[in-house]
Amino acid sequence: MKKWFYCVWAVVLLAWMHSISAQSLPPFKAPNTNYRAVTLGNYLGELNEENANLKIRRLSVDSAKANAKDAGKPYLSPILTYVRGSMYTQAPYSGYTNPASNTLGAMVTIEGWGKRSAREAQAEADAKHKLAEMITESKAIETEAIFNYIDALRTKLLWQSYQAAIDGLKQYQAGGSAQEAEFIATQKILANDLKYYSYGLVNYLGKADSDLILPVGTLNMEPQNFKVEELIAHARENRADISSGQAAVESAAATLEVVKASKNVDFIPGVYYTQTPPYSSSGVNYGTQQSFSFLVNVPLGNGLLVNSDITTAANNQAEQEVNLIAIKSKIVTEINQTYLQYLSAKDRLEAADKAFNQAKAGKNSIQGILRFRDAEYELFDARTVHAKTLILLNRLSGNFEVPNLH
């Protein structure tokens, strides 16, 4: 029982210590601008629904899926024929009678061997490729938007930090000082910067006439430890561009099969029915005549003699395979470079957090308030770099979870 009590007390104590270390900042105010506070998770949800580029991508995917459903149907290309005649403009001799027969005909195309199955496979591969491209673009847009959101949040936090310093100076009757005037001027610049970043956030949503986005959070993301080998292995299994590259290879391979199948010869069988009405000629009476005709057309196109299209399709497949290899190779470089940046960001965050806690203990004078504001400024900058690098490292390794900016 005592052991359970001490465990609970330890959890409460840790939570209390965390609340003490967290900043208590005054609220952000912008009297002449309409903002709406939006968490990062809700913002990304809106972005994926409203972004114009992603809407276009979804329409393209829907079109490709619709095409894939019909691609396996046979291309019969039926042809119906009606012939009336023959009709002579001048009788060959006196007393000649033209019977003017009626002929009805029908023809259909029987595709060459393998054409339909190759076409269906190519359409399905194309739909898969377009879906992979949409996911890749959505993750890229998300990453850009997250960084924009973080820049906006940093700017808001700095504005609040300056406001806290202004309030602290007033406690020591330093209101109206040159230092306060400098802080107020800096706040105006930060307010404009925040508006700039917020317009960028709204632009991703395609809602130019809506309220500006006010980010929420403190950028206080917990440092993490990684193993580069595990990050690379996870990236090779989960990166969106890997999936897109693989889908591109499969689409190119399917296209090559379609080109090869196009060399197979089509057959166009047909049947004709001819009816000749009764007529008389040279004193001889003829009754109604009916006849059937069968025919088979075999179109021999230039494709049977030309192989450049096969070479082109094969080279396109090879290009996509080389591109996929390059993406996999790039992953190793990107993750190693970003990991090194993250180690530096962690060190900077640790130093800034230590300096912040030291300055916080000396906030009992005007100079102490100024030192604390400088330390808080550096802390927010260090948190910004740490958050961006951590998020980038996670996303480069194929982890696309929405980050918690606390």
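Note that the structure is predicted; figures quoted are calculated from it, not measured.
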Polar side-chain atom of K388 near backbone of I146 as donor-acceptor pair, under 3.5 Å: no

E46/R36 ion pair, N-O < 4.0 Å: yes

More than 12 heavy atoms from other groups under 6.0 Å of OH on Y273: yes

Donor on one side chain, acceptor on other, N48 and E142, under 3.5 Å: yes

Heavy-atom closest pair, residues K55 and E49: CE-O, 3.4 Å

Short side-chain to backbone donor-acceptor contact, T155 and D151, under 3.5 Å: yes

Smallest separation among heavy atoms of L25 and L157, with atom names: CD1-CD2, 3.9 Å

Test: K360 and E376 ion pair at under 4.0 Å: no

Side chain T338, main chain I335, donor-acceptor under 3.5 Å: no

T276 versus S101, closest heavy-atom pair with distance: OG1-OG, 2.7 Å

Nearest heavy-atom neighbours spanning G72 and R116: O-CD, 2.9 Å

Side chain proximity check, R348 to D381, heavy atoms < 4.5 angstrom: yes

D266 side-chain N/O to G112 backbone N/O, donor-acceptor pair under 3.5 Å: yes

Check: K156 side chain, L194 main-chain N or O, donor-acceptor pair, under 3.5 Å: no

Any donor-acceptor N or O pair under 3.5 Å, side chains N323, E319: no

K346 and N225 side chains, donor-acceptor separation under 3.5 Å: yes

Exercise: identify the closest heavy-atom pair between A125 and A254: CB-CB, 4.0 Å

Pi-cation contact, F372 with K363 (under 6.0 Å, within 45°): yes

Donor-acceptor contact below 3.5 Å, side chain R383 vs main chain T218: yes

Residues K263, D309; criterion salt bridge (Lys or Arg N to Asp or Glu O under 4.0 Å); working and verdict: CA-CA 10 Å; K263 307 296 182 180; D309 51 352; 3.1 Å; yes

Whether T186 side chain and E182 backbone form a donor-acceptor pair below 3.5 Å: yes

Heavy-atom check, side chain of Q320 versus side chain of Q317, under 4.5 Å: no

Close side-chain approach of K354 and E350, heavy atoms under 4.5 Å: no

Check: N316 side chain, A252 main-chain N or O, donor-acceptor pair, under 3.5 Å: no

Close side-chain approach of I310 to L256, heavy-atom, < 4.5 Å: yes

Donor-acceptor under 3.5 Å (R119 side chain, K73 main chain): yes

Polar side-chain atom of N51 near backbone of Y204 as donor-acceptor pair, under 3.5 Å: yes

